[in-house]
Structure formats: C-alpha cells, structure tokens
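Numbered from 1 within each chain, the chains take letters A, B, ... in sequence-line order.
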There are 2 protein chains.
Amino acid sequence: MAAGRKRDAAATRSAILASARRAFARSGYDGAGVREIAEGAGVTAMMVNRYFGSKERLFAAVIADVMAGPSILTPENLDAADLAARMAAILVDITKAGDTPLDGFLIMLYSASSERAADIGREEIERHYHRTLTAALPGDLAAERAGVLLAIVAGMQVMRQMIGLPALAGADPEVLRKLLEPVFAQLLSKPFQHKD
Amino acid sequence: MAAGRKRDAAATRSAILASARRAFARSGYDGAGVREIAEGAGVTAMMVNRYFGSKERLFAAVIADVMAGPSILTPENLDAADLAARMAAILVDITKAGDTPLDGFLIMLYSASSERAADIGREEIERHYHRTLTAALPGDLAAERAGVLLAIVAGMQVMRQMIGLPALAGADPEVLRKLLEPVFAQLLSKPFQHKD
DNA sequence: ATGTGATGTCTACAAGCGTAGACTTGGAGG
DNA sequence: CCTCCAAGTCTACGCTTGTAGACATCACAT
C-alpha cells in the first residue's frame, strides 16, 4: 500500500483511476494488466475489482474521467474568432513527445483494437467531441467537416505519439502550427458551401 | 489442413501470411492469436513458428508483404498534376467501411499499442511512405508537410475504420473527396514557402 | 517398392491474464 | 477498552497465450 495513504477509500479509488489512466495511455486496453494498474496505485489487483467491478468497467470510468477534463473544444475556444489558430496550437502542444499527460483520445486509439473498448470510445467521441464540434460549425456539411477535423486530430496523435514518426515527433512546434492552421481554417471557414 | 492444398510448403506459407494479414488487420498484434491465424490458414499453430520463427517475425513479414503492395504513393500518382485529387479519392476509397481489403497502415495502427509492433511499423512508415512523399514535395518543410499528410491519412483510417465514427464511416464518398482535396492541395502546393 | 527428408500434428509447459472467495487488519464509535 | 465493519491482502482457479519437442504422414528420388 502507498506509504502516504492509509485506508482512505476515496483516495484509493482516485489512485486506481489515475494509475489506470496512465497504464491505458501507455499500453492500451489489452496491454495494460490489472495487476500493473493496481501496483501503480499501491494496492493489490483485487482492489480494482472491488472498486470498479471489472476491468471493462474500470476502462469506462477512465474514459468518463478523461472526458470530464479539459479538451480543445471548450466553449470559449469554439466561440473565438481565431479558432483555427487555437486548435492548431493546442493540438501541437497536446501531442508533444515524451511523457505528456495524454488525453483520452490517445487512450481510445491505443485501445481501438479491443472491440469492447472501441465501442466505449466511439460512443464517447461521438457524444463529447463530434456533436459539440458539429454544432459549432456554420455552413454546409458540418458533420462531415467535424469528422475530418477530428480525424486530423486523431492522426496527429497517432503519428506523433503512437508511431512517433520522427518528422512530426521531432518537428518544431511553431512549424507544425503554421502548417495546421490553414488546414483547420479551411474546414472551419464560415462560408463553406457545398457546390457541385 | 485445407482441403484443396496438400503438403505444398510455398502455398502453406502464403496461406499463413494471408491469414495473419487478415487477423492483424482485424485485431492488431496483441489481439490476433497464433492459433487463430493458423486456423485461418487451415493448419496448426506450430506451422506458424515453423515457417516464420515466431509471432513477431510473422508480423514483420506481414508488414513487409503489405509494403510491397500498391499504395497511394505510386510514382505515377506522385508525378501527376492532380495529386491532391488523386490522394483524396484513393484515401476515401481505401477507407470505406465494411470488410475492405485493409492496407498496411491500418494494421500498424491497430498494433501500435504493442511496443515491438510499433517499432516495426515506424520503421516501415518512415522508409516506405514518409521518405517517398517527402522527396516528391517541392518547397520548404517537405518532411513536416509529408508528416502532416500521413497523419491525415492515418486519422481518416482511424476514424472511419477503427473507431467507425458514423459521420465519416457513413458519409457520401463524394463529399469526403471534396473536403479532403483542398486540404491535400494546400499541403502539397508547390510554392510553399516558410514565411515568418 | 522403399527408404527418407520435408511437412504437418499432438501434447504439453511455463507464464500471464481477469476474477472469485476466504482471510486479515486497521480505525472509528460505543 | 473493545467491538465491528470497511479496507485491503492472500491464495488460487480456469483460461489463454506463445512456444518447444516428440511424433506421425505424405511425396518424391532411387
């Protein structure tokens, strides 16, 4: 058991949740073991099941916890005039290499090969990210444009953090921002019209 | 053993490779089991190790096989004037939902949570995709632009096929092409200059 | 036809997984 | 001080995994 804490149910629960978040972000749903998660929280494996019922329920709790945290799509960002620039800056910052406090998107990507985990992830992405972004986009094809935007965000996380493509993982953040901003601006642009 | 084939080493090897490709594309490196792969090829699990040495070596062989196949980055595509439109069209087609013959990119994404698999994947993406695309890009920051382009390709695969985001998975292909083409065009554009 | 080596199968092992139930220990209320 | 329930640990089961070695079987060359 962790030295600093003794028999505090709420604290133990938080410790397990935090450890699980780290573990899932590092190894994905399948890769992270219950014993490993428990050790990271300073308890035994059985406490995970005592507090969360099962590994699957723990994963769902982690995703819910992550979703409750800050994201690119905060209301003040969505209403800002320079949304494209903000999105680019935040995305580049979030996906910087090393032991970044990874956000939930990455956890879901790592876990997407597990069918159950992918289901949970799709549901949460849909509800939390896609719906919000779609609603904020003026013009035609808002849902599709929001989808492409999320795909770009996902792709940057994949390439910078999961694969670790050197050209992206080691790139100058300023350069990446300059590259991404016009891309975002194009998809976000207000007078988007479906012309054909 | 498969009914149609009898004691043909080359055919058995191909069958295992093909089955492994399907299995890895469906479940990722960790998710796909050797027994499952073997069954898909109509043999026993031990044949996998006999022909490929280990699961890890099998995975490397699958990636190599996939890389040898067709991709977006064929020379005639890279030289074409309408590269952006071609990339958009091919990407949308490749990532269409259902039991598509998935390309290697997706296998690597599914397997990225395994450290060894991610290493193999990064190496191959770097060598096969990123280097080729970088060389084909005129203007400044070719490596970074190529990286962002690959990230978008990866993101579309993730969102359409892994997560299955409805807005993308169920979208009209024509619409997606129209959305992606200007994005690609912007990153591919010849007179790209790093201005600051 | 008859060895003989390649081809494929069977059984099994050691390790790790998620999970369950019985057990022990701590800390607060009487 | 003593009790008692929550908090936490221990041991273990059943399963799956990748892999190893011994065994069987088919096809071809002599």
Rounded to whole Å, CZ of Arg57(B) lies from P of dA20(D) at a distance of 11 Å
Review point. Can you find a side chain N or O atom of Ser54(A) that sits less than 4.0 Å from OP1 or OP2 on dG18(C)?
Key: no
Sorted by number, residues from residues 30-38 of chain A placing a heavy atom under 4.0 Å from DNA chain C are Ala32(A), Gly33(A), Val34(A), Arg35(A)
Rounded to whole Å, CD of Glu39(B) lies from P of dT17(D) at a distance of 11 Å
Parallel, tilted or perpendicular: which fits the ring planes of Phe24(A) and Tyr29(A), with parallel below 30° and perpendicular above 60°? parallel
Contacts of Asp82(B) meeting salt bridge (charged side-chain N to carboxylate O under 4.0 Å, His left out) (sequence neighbours excluded), chain-then-number -> Arg86(B)
Expected rows: protein N/O vs nucleotides 20-25 of chain C N/O, under 3.5 Å:
{"unit_1": "dT25(C)", "atom_1": "O2", "unit_2": "Arg7(A)", "atom_2": "NH2", "d": "2.2"}

Note to self: In this structure, would Ile16(A) and Met46(A) fall into the same cluster of hydrophobic residues linked by side-chain contacts under 4.5 Å?
What the structure shows: no
Separation of dG18(D) atom C1' from Arg116(B) atom CZ, nearest Å, is 16 Å
Residues at least two apart in sequence or cross-chain that pass salt bridge (charged side-chain N to carboxylate O under 4.0 Å, His left out) with Asp172(B), listed by chain then number, are none
Are Thr44(A) and dC10(D) close enough that a side-chain N or O sits under 4.0 Å from OP1 or OP2?
no
Sorted by chain and residue number, the salt bridge (charged side-chain N to carboxylate O under 4.0 Å, His left out) partners of Arg127(B) (sequence neighbours excluded) come out as Glu123(B), Glu124(B)
Residue pairs meeting salt bridge (Lys or Arg N to Asp or Glu O under 4.0 Å), one or both in residues 107-119 of chain A, sequence neighbours left out, come to Glu56(A)-Arg116(A), Arg116(A)-Asp119(A), Asp119(A)-Arg122(A)
Of the candidates dT19(D), dG8(C), dT19(C), the side chain of Ala45(B) sits closest to dT19(D)
Separation of dC10(C) atom P from Met47(B) atom CE, nearest Å, is 12 Å
Phe52(A) atom CZ is separated from dG18(C) atom P, nearest whole Å, by 15 Å
Query raised in the report: Would a hydrophobic clustering, with Ile, Leu, Val, Met, Phe, Trp and Tyr connected at side-chain separations under 4.5 Å, put Leu78(A) with Phe184(A)?
Result: yes
Side chains of Gln161(B) and Leu109(B) in contact at under 4.5 Å (non-hydrogen atoms):
no
Which of Val48(A), Leu58(A), Thr44(A) passes side-chain contact (heavy atoms from CB on, under 4.5 Å) with Val34(A)? Answer is Val48(A)
Between Lys55(A) and Ala9(B), whichever has its closest DNA chain C nucleotide further toward 5' is Ala9(B)
